Amino acid sequence: MRTLFSFLGHARATLVPEDWRRFCIDTCHAHPIQALVHQDPFTRRGFEKPRRYAGDAVMLDFVYEDHEPERLGTTPTGVEINRFLCTQPSTASLRGRRNYLAQCIDRVSGERADARVLSVACGHLRESQRSLAVRQRQVGEFLALDQDLRSLGVIDSELGHLGIKPVPGSVKELLRNQLRFEEMDFIYAAGLYDYLPQPIAIRLTAQLFSMLRSGGKLLLANYADPHKDSAFKAYMEACMDWWLIYREESDVAGWMSEVPRNQLRLQELFRDETENLIYLELTRR
């Protein structure tokens, strides 16, 4: 796996983007090594896309926790590949993001007893299981928004007893104002922006910000330009057909361009410990 990572990382850095994409599709996706790495269920699900997109909630569960072989439902080789992938900085960032979001939920719930929280493109909402406030039912209202009804079904069955309300909905509905929430204390989107073109990201940021009450916070995240952990990102594209939109700080800061400055109390732009994720936090005046 280290040799494969090294080769793919070098190829991605050497080829121009168009040639790299063609190499992934024409050579890597048809190469016999795919049968080997697809013994890892995380890699295989990303490539097969049973829900028509990579990065679905089931797929991310494969790198959130250590799994026993019988839970992974794969071969010993598949287990070892999964363990290797779980040691990479990019997957560590996923787990770190989950834990950080849990801390944010606890913080806003500690500041306001009736705090209203909205998770956009929530997936399986694994951060809620790490939140003390959620487990003790100290969140005033927790809305989990996603267009994947199967993910919402998991939330309803596993977290409904904690007061979390699954809400079906899409980015298009938010942008068209067909779906709107008011007076929110904390809104966040963990992995959504990795897939949004910049004009859509800008519009959605302004729309979500407008749903905050005074003092409310909006937290957004995006994977950074792949100079960090570039080999893993090359593996994602070559072996999983998983393509994200990577950004620099200037791109993420650009999401604020339609947010009224007279309504903005505070803005923070920072990276996680691995420097793989860029966070933007906006506080409404």
Side-chain angles (χ1 to χ4, degrees), residues 21 24-25 28-30 34-35 37-65 67 70-75 78-79 81-82 85-86 88 90-91 93-95 97-98 101 118-129 142-160 164-176 178-179 187-197 200-201 204 208 220-223 232-246 277:
R21 184 177 285 269
C24 289
I25 295 171
C28 297
H29 294 174
Q34 293 283 57
V37 297
H38 284 180
Q39 292 179 59
D40 161 48
F42 173 68
T43 303
R44 183 176 64 252
R45 191 174 181 92
F47 187 81
E48 293 178 348
K49 301 175 182 59
R51 298 190 183 178
R52 295 185 295 178
Y53 65 96
D56 66 46
V58 175
M59 179 179 161
L60 297 186
D61 280 349
F62 286 124
V63 294
Y64 274 150
E65 301 293 347
H67 293 279
E70 58 271 18
R71 290 184 61 199
L72 282 173
T74 186
T75 64
V79 172
I81 293 173
N82 186 263
L85 295 177
C86 286
Q88 304 307 306
S90 287
T91 51
S93 289
L94 284 173
R95 295 187 294 274
R97 184 180 70 189
R98 173 201 58 190
L101 291 172
L118 170 65
S119 173
V120 182
C122 61
H124 284 166
L125 205 71
R126 294 305 185 199
E127 59 272 12
S128 66
Q129 297 172 328
F142 200 134
L143 305 176
L145 174 70
D146 207 295
Q147 65 180 4
D148 191 327
L149 298 183
R150 283 165 290 191
S151 292
L152 295 181
V154 171
I155 290 174
D156 189 41
S157 62
E158 294 185 0
L159 302 169
I164 294 177
K165 180 183 177 182
V167 180
S170 67
V171 170
K172 286 183 180 180
E173 290 174 299
L174 290 170
L175 293 175
R176 292 171 180 169
Q178 296 169 339
L179 185 63
I187 301 175
Y188 67 92
L192 173 64
Y193 277 64
D194 293 315
Y195 304 92
L196 298 181
I200 300 299
L204 183 61
L208 294 177
L220 309 171
N222 207 110
Y223 266 97
F232 184 87
K233 291 158 186 173
Y235 175 85
M236 288 169 55
E237 294 166 351
C239 297
M240 304 173 71
D241 193 29
W242 189 8
W243 303 79
L244 301 181
I245 298 174
Y246 299 105
L277 277 174

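Model, not experiment: these values are computed from the prediction.
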Can you name the residues that form a side-chain contact (heavy atoms from CB on, under 4.5 Å) with L175, not counting sequence neighbours?
-> V171, I200, R203, L204
side-chain contact (heavy atoms from CB on, under 4.5 Å) with Y195: which residues, sequence neighbours excluded?
-> W242, L244
Output field: ring centroids Y64/H124 closer than 6.0 Å = no
Can you give me the closest heavy-atom contact between [X] and [Y], atom names plus distance?
X    : Y    : answer
V37  : T43  : O-CB, 3.6 Å
A144 : L125 : CB-CD2, 4.2 Å
S151 : R51  : OG-NH1, 3.4 Å
G46  : A54  : O-CB, 3.9 Å
P168 : L179 : O-CD2, 4.2 Å
A221 : A190 : CB-O, 3.5 Å

To the closest 0.5 Å, what do you measure between [atom1] ([X]) and [atom2] ([Y])?
X    : Y    : atom1 : atom2 : value
L94  : D61  : CG    : CG    : 11.0 Å
W243 : M236 : CH2   : CE    : 10.0 Å
C24  : M240 : SG    : CE    : 12.5 Å
Q88  : S93  : CD    : OG    : 11.0 Å
D156 : L149 : CG    : CG    : 11.5 Å
F42  : C239 : CZ    : SG    : 11.5 Å

Determine whether [X] and [Y] make a side-chain contact, defined as any pair of heavy atoms from C-beta on separated by less than 4.5 Å.
X    : Y    : value
R97  : R126 : no
F232 : T91  : yes
I245 : D194 : no
L159 : Q129 : yes
L152 : C122 : yes
Y246 : K233 : yes

List the steps and the verdict of side chain to side chain contact (heavy atoms under 4.5 Å, CB included) for L101 and Y188.
-> CA-CA 8 Å; L101 291 172; Y188 67 92; 3.7 Å; yes
Could you check L145 against S119 for side chain to side chain contact (heavy atoms under 4.5 Å, CB included), going step by step and ending with a plain yes or no?
-> CA-CA 6 Å; L145 174 70; S119 173; over 6 Å; no
Side chain to side chain contact (heavy atoms under 4.5 Å, CB included) between L196 and L192: does it pass, once the steps are laid out?
-> CA-CA 7 Å; L196 298 181; L192 173 64; 4.0 Å; yes
Exercise: do Y53 and D148 side chains pair donor with acceptor under 3.5 Å = yes
Could you tell me whether E127 and R95 make a salt bridge, using a distance below 4.0 angstrom between a side-chain N and a carboxylate O?
-> no
Can we say K49 and D241 salt-bridge, meaning some charged N sits less than 4.0 Å from an Asp/Glu carboxylate O?
-> yes
Under the side chain to side chain contact (heavy atoms under 4.5 Å, CB included) criterion, do L277 and N222 qualify, and how do the steps go?
-> CA-CA 6 Å; L277 277 174; N222 207 110; over 6 Å; no
Does [X] use its side chain to pair, donor to acceptor, with the backbone of [Y] at less than 3.5 Å?
X    : Y    : answer
Y193 : Y223 : no
D40  : I81  : no
D146 : G123 : yes

Going through the distances and angles, do Q39 and T74 end up as a side-chain hydrogen bond (donor to acceptor under 3.5 Å, both in side chains)?
-> CA-CA 6 Å; Q39 292 179 59; T74 186; 5.3 Å; no
